[in-house]
Amino acid sequence: MLRVLAVDDEKPLLEELLYLLRSDPRVHSAEGASDATEALRRVTRALESGPEGPDRIDVVFLDIHMAGLTGLDIARLLAGFARPPLIVFVTAHEGFAVQAFDLKAVDYVLKPVRPERLAEAVRRACAQLGGPAGAPVRSLAPAAAGARPAPQPPQPPLSPHRAVPEVTVADRAADQIAVELGGVTRFVAIADIAYVEAQGDYARLHTDGGSHLVRIPLSTLEQRWAARGFVRIHRRHLVALGRIDELRLDAGTTSVRVGAAELQVSRRHARELRDLLMRHATG
């Protein structure tokens with residue numbers, strides 16, 4: 001079973017996270033640390049005691065924004081050890097996913113933490129350690145006297161390119177795209193995507209239920225999805241025409257409302273967008 005350390009400098013959130021972790025039957029113990037110094041002290045003690053020691057830590061659940069060292073800083077420091085614990089980031093901020101998986105994080109859980117989503121992170125940690133995903137992970141304690149542990153197949157390193165791969169259209173359903181996060185592939189219906197936001201060489205797909213980061217330029221999605229009603233409104237945004245709720249003109253600037261989001265429309269796209277919306281409305 002897993003021995004975990006949760007790190008968050010907000011006490012109520014740390015207590016809630018520990019409560020959820022301790023409620024999972026695959027977790028043997030869950031301890032908390034309220035700052036980076038305490039977390040590093042605990043992990044160092046665990047590493048010094050060895051993988052079979054009483055202080056061992058299998059997984060660290062890390063907040064990102066903390067006073068002093070951030071969760072990303074802690075993860076970078078832990079990566080320098082020969083046998084670091086697994087890392088799961090637990091944060092209210094979506095924008096650090098690429099950096100998180102560059103650091104070989106097992107998962108990236110957004111706050112507020114849902115019990116079923118945290119359970120999925122525990123499952124991934126169990127799988128990474130070689131235990132059954134739906135049952136308690138195998139103990140890392142010494143085997144019985146005279147017993148030899150079963151050989152374990154080598155595990156490939158988690159690549160950041162596996163965390164945010166290029167979008168592909170699933171052969172089995174042309175109206176879905178496959179996105180991967182932490183080694184788990186999910187299928188998102190293109191019809192569920194309200195708009196797409198450029199983030200460097202990546203794009204973030206926004207749906208009513210959340211967002212998904214994919215490794216593909218916005219210009220490529222613009223070409224692929226033009227026939228599906230997606231239109232470019234800005235160098236940063238691609239919008240599903242049918243998901244636009246309002247077109248706003250204010251002091252020479254144009255914007256659209258897509259659900260709760262208000263997105264700016266660049267001048268070069270404003271006239272074309274108005275024409276498209278008129279044609280769409282009179283259909």
Side-chain angles (χ1 to χ4, degrees), residues 2-27 29-40 42-43 57-78 85-128 158 160 163-164 179-184 186 188 192-195 197 199 202-214 259-261:
L2 293 177
R3 295 177 183 266
V4 306
L5 175 68
V7 187
D8 197 316
D9 62 352
E10 297 186 55
K11 186 176 179 180
L13 298 180
L14 178 59
E15 291 177 348
E16 175 67 13
L17 180 58
L18 287 171
Y19 172 78
L20 293 174
L21 288 168
R22 289 166 181 164
S23 301
D24 194 304
R26 296 163 296 187
V27 175
S29 63
E31 302 299 328
S34 58
D35 57 48
T37 301
E38 183 182 358
L40 289 171
R42 286 174 177 263
V43 173
I57 296 173
D58 300 312
V59 191
V60 179
F61 288 79
L62 266 177
D63 185 24
I64 288 184
H65 277 294
M66 296 186 292
L69 292 177
T70 68
L72 294 171
D73 294 328
I74 295 174
R76 291 187 186 100
L77 290 171
L78 295 183
L86 301 179
I87 300 293
V88 173
F89 286 103
V90 183
T91 176
H93 305 275
E94 298 182 352
F96 297 98
V98 175
Q99 297 176 61
F101 288 108
D102 280 342
L103 292 166
K104 298 180 173 58
V106 172
D107 207 347
Y108 192 89
V109 179
L110 290 175
K111 297 178 181 178
V113 178
R114 294 179 289 112
E116 63 272 19
R117 183 63 186 86
L118 188 64
E120 171 64 13
V122 172
R123 184 199 68 77
R124 295 179 186 181
C126 290
Q128 193 88 343
L158 180 62
V164 282
V179 298
E180 189 177 330
L181 182 62
V184 176
R186 303 175 187 276
V188 178
D192 290 342
I193 299 170
Y195 68 96
E197 179 184 6
Q199 294 188 348
Y202 298 82
R204 185 171 293 280
L205 314 177
H206 290 268
T207 69
D208 293 337
S211 67
H212 307 273
L213 191 67
V214 292

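Quantities reported herein were computed from a predicted structural model and do not represent experimental measurements. For this chain, numbers begin at 1 and follow the sequence in order.
The heavy-atom pair separating Gly32 from Leu14 by the smallest distance is CA-CD1, 4.2 Å. Looking at every heavy atom in both residues, Asp9 comes nearest to Ala67 through OD2-N, 3.1 Å. Shortest non-hydrogen contact noted between Cys126 and Leu2 is SG-CD1, 3.9 Å. Between Ala75 and Phe89 the shortest heavy-atom distance is CB-CZ, 3.7 Å. Of all non-hydrogen atoms in Val59 and Ala125, the two that sit nearest each other are CG2-CB, 3.8 Å. Across Leu21 and Ala6, no two heavy atoms sit closer than the pair CD1-CB, 4.2 Å.
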Q: Apply side-chain contact (heavy atoms from CB on, under 4.5 Å) to the pair Val122 and Val4, showing each step before the final yes or no.
A: CA-CA 10 Å; Val122 172; Val4 306; over 6 Å; no

Q: Run the numbers on Asp63 and Lys111 for side-chain contact (heavy atoms from CB on, under 4.5 Å), then give the verdict.
A: CA-CA 10 Å; Asp63 185 24; Lys111 297 178 181 178; 3.3 Å; yes

Q.
Does Leu40 form a side-chain contact (heavy atoms from CB on, under 4.5 Å) with Leu78? I'd like the steps, not just the answer.
A. CA-CA 8 Å; Leu40 289 171; Leu78 295 183; 4.1 Å; yes

Q: I would like to know whether Lys104 and Ile87 meet side-chain contact (heavy atoms from CB on, under 4.5 Å); could you show each step before the answer?
A: CA-CA 8 Å; Lys104 298 180 173 58; Ile87 300 293; over 6 Å; no

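The closest donor-acceptor contact from the side chain of Arg3 to the backbone of Glu31 lies at 3.5 Å or more, if one exists at all.
The pair Arg123-Glu120 counts as a salt bridge, with a side-chain nitrogen and a carboxylate oxygen less than 4.0 angstrom apart.
Using cut-offs of 30° and 60° on the angle between ring planes, the pair His93 and His65 is perpendicular.
Distance CG/Leu72 to CD1/Ile64: 4.5 Å, rounded to 0.5 Å. To the nearest 0.5 angstrom, Leu103 atom CG is 11.5 Å from Ile74 atom CD1. To the nearest 0.5 Å, atom OG of residue Ser34 and atom CD of residue Glu10 are 11.5 Å apart. A distance of 7.0 Å separates CZ of Phe61 from CG of Leu17, quoted to the nearest 0.5 Å. Rounding to the nearest 0.5 angstrom, the gap separating the CG atom in Asp8 from the CG atom in Leu13 is 5.0 Å. Distance CZ/Arg204 to CD1/Ile193: 12.5 Å, rounded to 0.5 Å.
Of the options Val106, Leu118, Leu62, a side chain to side chain contact (heavy atoms under 4.5 Å, CB included) to Val88 is made by Val106 and by none of the others.
Contact annotation: the side chain of Arg42 never approaches that of Val7 to less than 4.5 Å [non-hydrogen atoms, C-beta and beyond].
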